[in-house]
Protein chains: 2
Amino acid sequence: MDKVNIKKLAAELNLSAATVSRALRDSHEIGAATKARVMEMARKMNYVANPSASNLRSHKSKTIAVIVPEIANSFFSQAINGIEEIARAHNYHVLIYQTHENVEAENAFIRSLLSGRVDGILISIASGTSESRNYKDVLPVLPLIFFDRVCEDIEAIKITTNDYQSSYTATKHLIENGCKKIAYLKAIDHTPAGKNRIAGYVNALKDSEILFDERLMIDTRSEQENVELIKNLLQTQKPDGLIASIEELSLPCYYACRELSLKIPTDVKIISFSNLKTAGILNPSLTTIAQPAFEMGRTAAGILFKILNRKEVELNQTLVLDSELVVRDSTQNLY
Amino acid sequence: MDKVNIKKLAAELNLSAATVSRALRDSHEIGAATKARVMEMARKMNYVANPSASNLRSHKSKTIAVIVPEIANSFFSQAINGIEEIARAHNYHVLIYQTHENVEAENAFIRSLLSGRVDGILISIASGTSESRNYKDVLPVLPLIFFDRVCEDIEAIKITTNDYQSSYTATKHLIENGCKKIAYLKAIDHTPAGKNRIAGYVNALKDSEILFDERLMIDTRSEQENVELIKNLLQTQKPDGLIASIEELSLPCYYACRELSLKIPTDVKIISFSNLKTAGILNPSLTTIAQPAFEMGRTAAGILFKILNRKEVELNQTLVLDSELVVRDSTQNLY
DNA sequence: CTGTTAGCGCCTTCAG
DNA sequence: CTGAAGGCGCTAACAG
């Protein structure tokens with residue numbers, strides 16, 4: 001049936017397989033007339049090159065891999081969206097792997113990709129990953145670019161968000177909208193991202209000459225407990241602004257306010273970090289710091305293709321993208 | 001460096017390449033002792049089989065393709081999540097393609113996949129696609145399974161959601177919570193899904209002996225216009241329940257109620273179809289009919305692997321999955 | 001500008 | 001149970 005290969009094409013055209021191959025790859029050493037003839041016959045015969053054969057010979061898979069903790073996480077799905085778009089423009093294919101935060105799985109994926117299946121890897125590492133050895137083994141063999149969840153102790157290309165700036169902006173926004181006592185709900189504060197967010201908050205206060213009060217910065221736990229923690233915070237400290245340092249903290253804020261009959265944003269204004277640009281749309285009372293997932297995907301992929309196309313690329317750089325403040329009525333009184 | 005191939009492995013072991021190959025593939029005609037020896041050396045030498053070579057020879061790519069309109073759409077990203085999970089369990093790789101609803105792109109993807117790059121395809125078709133010819137060309141060559149956005153006029157395996165049942169359940173839920181005048185906001189009513197949703201609504205009313213009033217069923221347009229349309233509906237018809245037949249209609253409902261100072265759920269109860277199970281978490285006042293995206297991905301992939309493993313599969317079946325009613329305080333008064 | 005030759009790395013006969 | 005030989009479809013190197 002369909003087994004049209006380059007030989008049959010060549011036979012049909014009274015040419016050698018090599019010539020046909022060259023014509024199809026648009027080589028400069030083939031005449032325009034011949035190329036046209038070949039192209040037309042290829043279309044007519046429904047010829048599609050066998051990628052395995054061509055990879056085997058040329059050592060180019062025209063494929064890249066994306067490794068993320070979770071596809072359905074909106075942040076990563078948006079990033080993949082950006083990656084796919086760039087890959088498409090380069091006529092590349094995209095393989096997807098999710099680690100579910102499992103370091104073993106991540107290593108297995110990486111190892112299996114060292115066999116020539118892909119020309120490059122984009123990775124957002126599993127949170128448990130500390131061993132940078134696995135990544136170091138890859139670097140000499142295959143371009144490997146980190147995005148969002150980057151590996152710290154390794155010299156490589158990394159794309160991250162500007163957590164410090166995001167948090168600073170969020171805090172400033174609340175201050176500019178009249179908040180005097182802004183509380184900060186901590187989370188993931190052992191990660192670089194978490195630390196930077198805290199620093200942004202603290203420095204924004206300082207720059208506005210508001211005294212940092214550590215009673216306004218509380219630790220968080222499970223969703224159930226958080227509602228109580230936040231209620232307690234609201235009652236004892238009476239803040240007029242809340243910063244939820246991760247998306248998961250926004251709902252407890254909402255519930256706590258509701259249980260205390262505090263009106264948002266009249267009594268308390270809320271800003272939440274979020275992976276979802278639409279979070280504020282789904283919940284109209286939620287202002288968010290939306291992470292630039294799509295742009296991150298595009299950027300990471302863009303750099304990878306520069307490398308694959310042998311462009312000059314600084315191989316030990318960290319690119320920092322800014323988040324976007326999406327304002328809803330949780331911080332500004334609309335009437 | 002790493003170019004350790006089967007020959008080098010064989011040389012190291014004083015065996016022939018053929019024997020090593022068989023041992024690695026766990027062939028029954030190799031002694032257990034030899035197998036163990038080979039396996040260990042393979043691990044020691046960091047041997048990874050070259051997939052191109054083995055595909056070329058064996059005509060198995062160990063890869064499947066997923067074609068969807070948009071990755072970042074939460075429905076599809078969840079579906080992909082499910083697909084990846086099943087693929088993983090079968091040691092398969094997953095290629096992702098997004099069409100952005102572009103039929104040309106979709107055809108190009110499909111054509112390019114006919115070359116042996118993948119062993120099967122899972123597809124959710126672009127909305128503009130009507131030509132079933134392209135798909136028909138694939139079926140004899142490669143397993144092709146439709147999910148969610150299926151092609152109607154073709155004999156193939158299809159997985160869909162139960163739009164009729166979902167809508168029926170939603171309507172019944174509102175009725176059970178005291179609604180007497182339930183309005184229905186139409187959308188995508190030219191698609192099978194849209195039609196079935198309307199039918200579910202109408203029949204649920206009928207079964208509860210509520211007269212269907214066509215003034216309660218309105219067409220929708222852009223988000224801006226929808227707020228006005230819904231406001232008008234609320235003012236002239238005074239419904240006590242609203243059904244948003246797609247996710248994008250939920251926010252206009254919210255805004256319209258707010259502008260008219262109608263309390264949710266006291267004055268009006270709302271249910272929205274949604275791709276996002278978490279929609280009701282992000283927006284606590286929103287009850288949703290959540291589509292079973294993850295399950296759909298798992299199901300579609302499961303059937304594909306049955307086919308790939310030569311299990312008996314009915315090749316012209318349509319599987320219908322149920323949506324899930326996720327209740328929040330938009331329909332039930334909590335205090 | 002085109003043809004011939006020789007593999008890429010693996011798997012699958014066919015012989016032992 | 002193991003080895004030797006050949007070829008999957010394509011492309012790179014070398015000739016003309």
Side-chain angles (χ1 to χ4, degrees), chain A residues 1-39 41-42 45-63 91 112-119 141, chain B residues 1-39 41-42 45-63 91 112-119 141:
Chain A
M1 47 128 166
D2 272 339
K3 296 293 153 213
V4 187
N5 57 23
I6 217 167
K7 254 189 190 160
K8 289 203 191 134
L9 242 187
E12 204 71 33
L13 288 158
N14 280 339
L15 286 170
S16 74
T19 304
V20 173
S21 170
R22 279 187 281 239
L24 289 170
R25 318 208 86 243
D26 202 27
S27 159
H28 53 279
E29 45 183 349
I30 298 290
T34 316
K35 268 184 199 166
R37 231 159 58 82
V38 172
M39 288 311 221
M41 183 59 83
M45 295 182 72
N46 250 303
Y47 170 77
V48 193
N50 179 322
S52 303
S54 126
N55 298 349
L56 182 57
R57 194 66 242 262
S58 66
H59 299 290
K60 308 221 141 151
S61 64
K62 284 255 167 197
T63 305
N91 259 295
S112 84
L113 292 173
L114 254 30
S115 58
R117 188 181 287 277
V118 299
D119 296 344
V141 186
Chain B
M1 43 119 174
D2 272 338
K3 295 294 153 212
V4 34
N5 55 24
I6 218 167
K7 250 189 193 160
K8 290 203 187 131
L9 241 187
E12 205 72 31
L13 289 158
N14 281 338
L15 285 170
S16 75
T19 305
V20 174
S21 171
R22 279 187 278 239
L24 290 170
R25 318 206 85 247
D26 202 26
S27 160
H28 53 277
E29 44 183 351
I30 298 291
T34 316
K35 268 185 200 168
R37 235 162 53 83
V38 171
M39 288 310 218
M41 182 58 84
M45 295 182 70
N46 251 301
Y47 171 78
V48 191
N50 179 322
S52 304
S54 91
N55 296 351
L56 180 57
R57 194 64 238 269
S58 65
H59 299 290
K60 308 222 140 145
S61 64
K62 285 253 168 201
T63 306
N91 259 293
S112 85
L113 293 173
L114 253 32
S115 58
R117 187 181 288 277
V118 299
D119 297 344
V141 186

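We use all heavy atoms of the structure for the numbers below, so side chains are in, but hydrogens, waters and symmetry mates are not. Order of the sequence lines sets the chain letters (A, B, ...), proteins ahead of strands, with each chain counted from 1.
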Can you tell me the distance, in whole Å, between the CG atom of B:N55 and the P atom of C:dC8?
18 Å

The test is side-chain contact (heavy atoms from CB on, under 4.5 Å); show your working for B:N46 and A:L114 and say whether it passes.
CA-CA 10 Å; B:N46 251 301; A:L114 254 30; over 6 Å; no

Of all the nucleotides listed (C:dC10, C:dT2, C:dT4), which has the minimum atom distance to the side chain of B:S54?
C:dC10

N or O in side chain of B:S52 less than 4.0 angstrom from C:dC8 OP1/OP2:
no

So do A:T63 and B:R117 actually touch side chain to side chain, heavy atoms under 4.5 Å?
yes

How many whole angstroms separate atom CG of A:N50 from atom P of C:dG9?
17 Å

Can you tell me if A:S61 and A:N55 form a side-chain donor-acceptor pair at under 3.5 Å?
no

Does a side-chain N-to-carboxylate-O contact under 4.0 Å join B:K35 and B:D26?
yes

Closest contact, heavy atoms only, A:S16 versus A:A10
C-CB, 3.8 Å

Minimum side-chain heavy-atom gap A:I30-A:V38 below 4.5 Å:
no

Base, sugar-phosphate alone, or nothing: which one does A:R22 contact when heavy atoms must sit under 4.0 Å apart?
base

Mapping B:V20 and A:I6 onto DNA chain D by nearest heavy atom, which one lands closer to the 5' end?
B:V20

Please find the earliest and latest nucleotides of DNA chain D, in the 5' to 3' direction, that have an atom within less than 4.0 Å of any heavy atom of chain B.
D:dC1 to D:dG9

Let's see if you get this right: which residues in residues 56-63 of chain B place a heavy atom under 4.0 Å from DNA chain D?
B:L56, B:R57

Would you tell me if any nitrogen or oxygen in the side chain of A:T19 comes within less than 4.0 Å of OP1 or OP2 on C:dG3?
yes

Distance-minimising heavy-atom pair for B:Y47 and B:V4:
CD1-O, 3.4 Å

B:S21 side-chain N/O to C:dC10 phosphate OP1/OP2 under 4.0 Å
no

Please evaluate residues A:L56 and B:N50 with respect to the criterion side-chain contact (heavy atoms from CB on, under 4.5 Å), reporting the C-alpha separation (whole Å), side-chain torsions for both, the decisive distance (0.1 Å), and the verdict.
CA-CA 8 Å; A:L56 182 57; B:N50 179 322; 4.1 Å; yes

On DNA chain C, compare the nucleotides closest to A:A32 and A:A17; which residue's is nearer the 5' end?
A:A32

Rounded to whole Å, NZ of A:K35 lies from P of C:dC1 at a distance of 9 Å

Would you indicate what A:A49 reaches in the nucleic acid, counting non-hydrogen atoms under 4.0 angstrom: base, sugar-phosphate, or nothing?
sugar-phosphate

Search all heavy atoms of A:H59 against all heavy atoms of A:D119 and return the closest pair with its distance.
O-OD1, 4.5 Å

